[in-house]
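Quick note: residue numbers are just sequence positions, from 1.
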Amino acid sequence: RRQGIATAGAGADLAEARAPAILERAGTRVAVLAYSSVYQAGYEARAKVPGLAAMRVHSHYYIPDWDAYGKVEPGIRPQVRTIPYPEDVAVLEDAIAQARQSVDVVVASFHWGTASEPAILTDYERILGHAAIDAGADVVYGHHHHYLRGVELRRGRPIFYGLGHFAFDLRGFGTALTALEMAKLKQMGEHAIYPREGYPLLPFHPDARMTAVAVTAMRGREIAGNGLLPCIINAENQPVPAAADSDAGRRVLDYLRRISEQAGLPTRYGEDGPVVAGMRSISVA
């Protein structure tokens, strides 16, 4: 606030944490609502306690009905289904509806999902993304995964499920770990966080070096289109923009196509859509 930066998603109490940030630029009013489903216990704001605007989620572990063998084999790996708290979804819907009455554009931002595997979208990410758009949000921004996730268009409005990271330094991460801790991290698989040669500030899988800027282009008070600006994070940990038709840009867009297909999202990236603010638009196949 001292730097003149508007904040959303945290506050001195629950009411402040849930309140939107209202921005006005060139006569266009934008409301930004922010929530988190990934946080340490106790970080939630309460009536008279500071913290973040929590969007709570139930995790349900079960053996699916089709796995008859799993029913009789103790210890088999379960499937996980995630369901947001209905009362929190109601808060989200009401907040968007209220913001809608006084602004031109409503943005919903969510810290959500799992970072352990690429391309995966949890149940609750889809549920909350759909709920936000259905309640009147114009765009949904998702983050936490450290990898790009696909984009879904719902009612013509984009849900950017995961925009990767953009400015994310883990300085000294490698030297802070013991040999045993390092070995345990590597045992978690190639997508775990551990130091990578040549990228001392970004100890993630090479796929995490691909990122993007989501762009919503305005024409007056109306949304003219949505697009993506591909970026590659270099060895100095700087995100470098890439034209959609460059080798780097095609690498990012090809990755988005691949993970969107894996997640069952019928979204197209840049094949034949119009150029929006210099970026290729997203569209539905």
Side-chain angles (χ1 to χ4, degrees), residues 5-39 43-47 50-58 82-113 121-145 149-163 214-228 265 267 282 284:
I5 299 172
T7 64
D13 54 33
L14 183 58
E16 186 174 284
R18 287 177 172 173
I22 306 295
L23 310 173
E24 185 168 347
R25 298 292 185 272
T28 300
R29 285 171 58 83
V30 180
V32 180
L33 291 153
Y35 304 91
S36 182
S37 297
V38 180
Y39 55 88
Y43 279 26
E44 316 95 304
R46 279 150 280 175
L52 55 81
M55 189 58 57
R56 297 168 295 176
V57 178
H58 293 287
T82 51
I83 306 165
Y85 282 39
E87 56 267 42
D88 287 4
V89 176
V91 167
L92 168 69
E93 294 170 337
D94 183 62
I96 291 173
Q98 287 191 39
R100 181 85 273 167
Q101 297 175 19
S102 60
V103 301
D104 304 299
V105 180
V106 177
V107 175
S109 174
F110 295 95
H111 198 66
W112 60 11
L121 291 178
T122 57
D123 301 317
Y124 81 90
E125 290 171 88
R126 298 177 194 257
I127 294 170
L128 290 175
H130 290 185
I133 294 295
D134 293 348
D138 295 291
V139 59
V140 171
Y141 295 131
H143 37 88
H144 164 63
H145 317 86
R149 291 293 194 265
V151 182
E152 180 179 8
L153 290 179
R154 183 172 177 85
R155 302 187 176 190
R157 300 168 183 170
I159 303 171
F160 296 95
Y161 278 110
L163 289 168
V215 176
T216 297
M218 303 295 298
R219 185 177 291 116
R221 295 184 179 182
E222 301 293 326
I223 294 177
N226 295 282
L228 284 165
L265 301 176
T267 310
I282 53 178
V284 178

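Closest approach of Ser36 to Leu52, counting heavy atoms only: CB-CD1, 4.1 Å. Here the closest non-hydrogen pair linking His143 and Ser109 is NE2-OG, 2.7 Å. Minimum interatomic distance between Ala34 and Ala53 (heavy atoms only, all atoms of both residues): O-CB, 3.5 Å. Closest approach of Ala54 to Asp88, counting heavy atoms only: O-OD2, 3.7 Å. Contact between Ala95 and Tyr35 at its shortest, heavy atoms only, is CB-OH, 3.5 Å. Between Ala224 and Arg219, the shortest heavy-atom distance links the atoms CB-NH1, 3.7 Å.
Applying the side-chain hydrogen bond (donor to acceptor under 3.5 Å, both in side chains) test to every pair with at least one member in residues 97-107, sequence neighbours left out, gives these pairs: Asp94-Gln98, Arg100-Asp138. For residues 88-109, no pair satisfies ring-ring contact (aromatic ring centres under 6.0 Å, His included), with sequence neighbours left out. Residue pairs satisfying the side-chain hydrogen bond (donor to acceptor under 3.5 Å, both in side chains) criterion with at least one member in residues 9-30, sequence neighbours excluded, are listed as follows: Arg1-Glu16.
Looking at Thr82 and Trp112, their side chains never come closer than 4.5 Å, going by heavy atoms from C-beta outward. Put simply, the side chain of Val91 does not reach to within 4.5 Å of the side chain of Tyr85, judged on heavy atoms. The shortest side-chain heavy-atom distance between Leu228 and Val151 falls under the 4.5 Å cut-off. Using a 4.5 Å cut-off on side-chain heavy atoms (C-beta onward), Tyr141 and Val32 make no contact. Taking 4.5 Å as the limit, some side-chain heavy atom of Ser37 sits within range of a side-chain heavy atom of Leu128. Side-chain contact between Leu265 and Leu121 is present, with heavy atoms from C-beta onward closer than 4.5 Å.
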- [ ] Run the numbers on Asp134 and Arg155 for side chain to side chain contact (heavy atoms under 4.5 Å, CB included), then give the verdict.
- [x] CA-CA 8 Å; Asp134 293 348; Arg155 302 187 176 190; 3.4 Å; yes
Task: Test log, rule side chain to side chain contact (heavy atoms under 4.5 Å, CB included), inputs Val103 and Val30 - done: CA-CA 6 Å; Val103 301; Val30 180; over 6 Å; no
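No option in Arg149, Arg126, His145, Glu152 other than Glu152 meets the side chain to side chain donor-acceptor pair (under 3.5 Å) test with Tyr161.
Residues forming a ring-ring contact (aromatic ring centres under 6.0 Å, His included) with Tyr39 (at least two apart in sequence, or on another chain): none. With sequence neighbours excluded, no residue forms a ring-ring contact (aromatic ring centres under 6.0 Å, His included) with His130. With sequence neighbours left out, Glu87 forms a salt bridge (charged side-chain N to carboxylate O under 4.0 Å, His left out) with Arg56.
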